[in-house]
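In what follows, a single structure is set out as structure tokens and then discussed.
A note on names: the letters A, B, ... follow the listed sequences, proteins ahead of strands, and every chain is numbered from 1.
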2 protein chains.
Amino acid sequence: MDPFVALADPVRRGLLVRLARGSARVVDLTAEQSISRPAVSRHLRVLSEAGLVTAEDRGRERHYRLERDGLAVVTDWLATLEQRPRFDESVLDGLDLEVRRTGRDRRTAPDARAAHPSQEDTA
Amino acid sequence: MDPFVALADPVRRGLLVRLARGSARVVDLTAEQSISRPAVSRHLRVLSEAGLVTAEDRGRERHYRLERDGLAVVTDWLATLEQRPRFDESVLDGLDLEVRRTGRDRRTAPDARAAHPSQEDTA
DNA sequence: CGAACAGGTAACCGAGAGGTTACCAATAGG
DNA sequence: CCTATTGGTAACCTCTCGGTTACCTGTTCG
């Protein structure tokens, strides 16, 4: 299960916030969520399959716990996004505009658009 | 628009990854996504409303750019989750189990469950 | 043993997400 | 000026998501 999808639901985020304070049983989690217990149970299953929580059975009750390691895949992805490239194509992009304008006047270098390929032919 | 929801879709994440390399036009983005341009356009709108991208009109084309500041709300939330509480309730939780077991033998302190309130009465 | 409690699953249902095609406006450029 | 290009929007359709109620199993304990 995709952890990004798991985090998209506000109820599930609420459950995670609650579990960040410590493990809890399903009934306890349900009491704070104003939705039915089966709904909470399914949300917990999604979170579990996403690797964001783990469950431990103790007799007739099941204790869910936040699995912080599961957050790594999300934080790592975000970290790569925050890294700006060694050479931002957007400057290329602006440069491209200049070339094209010049091309309009000089009527040369029509291959300027090769910089950002818009292959309509393949589509 | 909820940035968490915006990040839940793999196509949108792909768009963000692409934009992390530099700004791009809609046709360019569409060429890499194997879905129709209107679909890409709507994804971009979602990302824009989530504050994850910004658009700049240049003539007839629109250049989308990654808005790294918009990621902050997500990363911040994740950061709070990763903070373990000064006193984890799960130890309380384990302690609670002891008390309850003792209670079973001694038949005393039935209010032990007050530690984790399961108010069925309110439901 | 039998009642109460904890919790998962199944069946069902309405709303919304995401895809497509068709259409439109605006700009670029021969 | 006329056509191609860019890109947004509308209408439509399907499928999944998230909710509920009903039902079941397993554990606890008087």
Starting from the C-alpha separation in whole Å, work towards a yes-or-no answer on side-chain contact (heavy atoms from CB on, under 4.5 Å) for A/Leu52 and A/Leu7.
CA-CA 9 Å; A/Leu52 299 178; A/Leu7 291 179; 3.9 Å; yes
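Taking atom CZ on A/Arg58 and atom C1' on C/dA6, their separation rounds to 14 Å, with Å as the unit. As a whole-Å value, the separation of A/Asp57 CG from D/dT27 C1' is 11 Å. One atom, CE of A/Met1, and another, C1' of D/dC17, lie 10 Å apart when rounded to the nearest Å. Rounded to whole angstrom, the span from the CG atom of A/Leu15 across to the P atom of C/dG7 amounts to 13 Å. Rounded to whole Å, atom C1' of D/dT5 lies 15 Å from atom CZ of B/Arg62. Here the P atom of nucleotide D/dT6 and the CZ atom of B/Arg25 are 5 Å apart, to the nearest Å. Atom pair A/Arg60:CZ and D/dT27:P shows a separation of 11 Å (rounding to whole Å applied). The nearest whole Å value for the distance from the CG atom in B/Asp2 to the C1' atom in C/dA17 is 14 Å.
Partners of A/Ala20 according to the side chain to side chain contact (heavy atoms under 4.5 Å, CB included) rule, which considers only residues two or more places apart in sequence or in another chain, are A/Leu66, A/Arg68, B/Leu81. The salt bridge (Lys or Arg N to Asp or Glu O under 4.0 Å) check on B/Arg62 picks up B/Asp57, with sequence neighbours excluded.
A sub-4.0 Å separation between OP1 or OP2 of D/dG18 and a side-chain N or O of A/Arg12 is present. Note on A/Ser41: a side-chain N or O is less than 4.0 Å away from OP1 or OP2 of C/dG8. For D/dG8, the OP1/OP2 oxygens have a side-chain nitrogen or oxygen of B/Tyr64 closer than 4.0 Å.
Contact annotation: the side chain of B/Arg37 approaches that of B/Val26 to within less than 4.5 Å [non-hydrogen atoms, C-beta and beyond]. Considering only heavy atoms from C-beta on, B/Thr75 comes within 4.5 Å of A/Glu82 through its side chain.
If you take NE2 on A/His63 and CG on A/Leu19, they are separated by 12.0 Å, rounding to the nearest 0.5 Å.
Listed by first then second residue, pairs satisfying ring pair (Phe, Tyr, Trp, His ring centres under 6.0 Å) with a partner in residues 2-43 of chain B read B/Phe4-B/Trp77, not counting sequence neighbours. Every pair passing salt bridge (charged side-chain N to carboxylate O under 4.0 Å, His left out) that includes a residue from residues 2-17 of chain A is listed here, sequence neighbours excluded: A/Asp2-B/Arg13, A/Arg13-B/Asp2.
The stretch residues 45-55 of chain B does not touch DNA chain C, since none of its heavy atoms comes less than 4.0 Å from the strand.
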Could you list all N or O pairs between the protein and nucleotides 19-22 of chain D that sit under 3.5 Å apart?
| unit_1 | atom_1 | unit_2 | atom_2 | d |
| --- | --- | --- | --- | --- |
| D/dG19 | OP2 | A/His43 | NE2 | 2.4 |
| D/dG19 | N7 | A/Arg42 | NH2 | 2.8 |
| D/dG19 | O6 | A/Arg42 | NH1 | 3.3 |
| D/dG19 | O6 | A/Arg42 | NH2 | 3.4 |
| D/dT20 | OP2 | A/Ser36 | N | 2.8 |
| D/dT20 | OP2 | A/Ser36 | OG | 2.5 |

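For A/Ala8 against B/Val5, the heavy-atom pair with the smallest separation is O-CG2, 3.6 Å.
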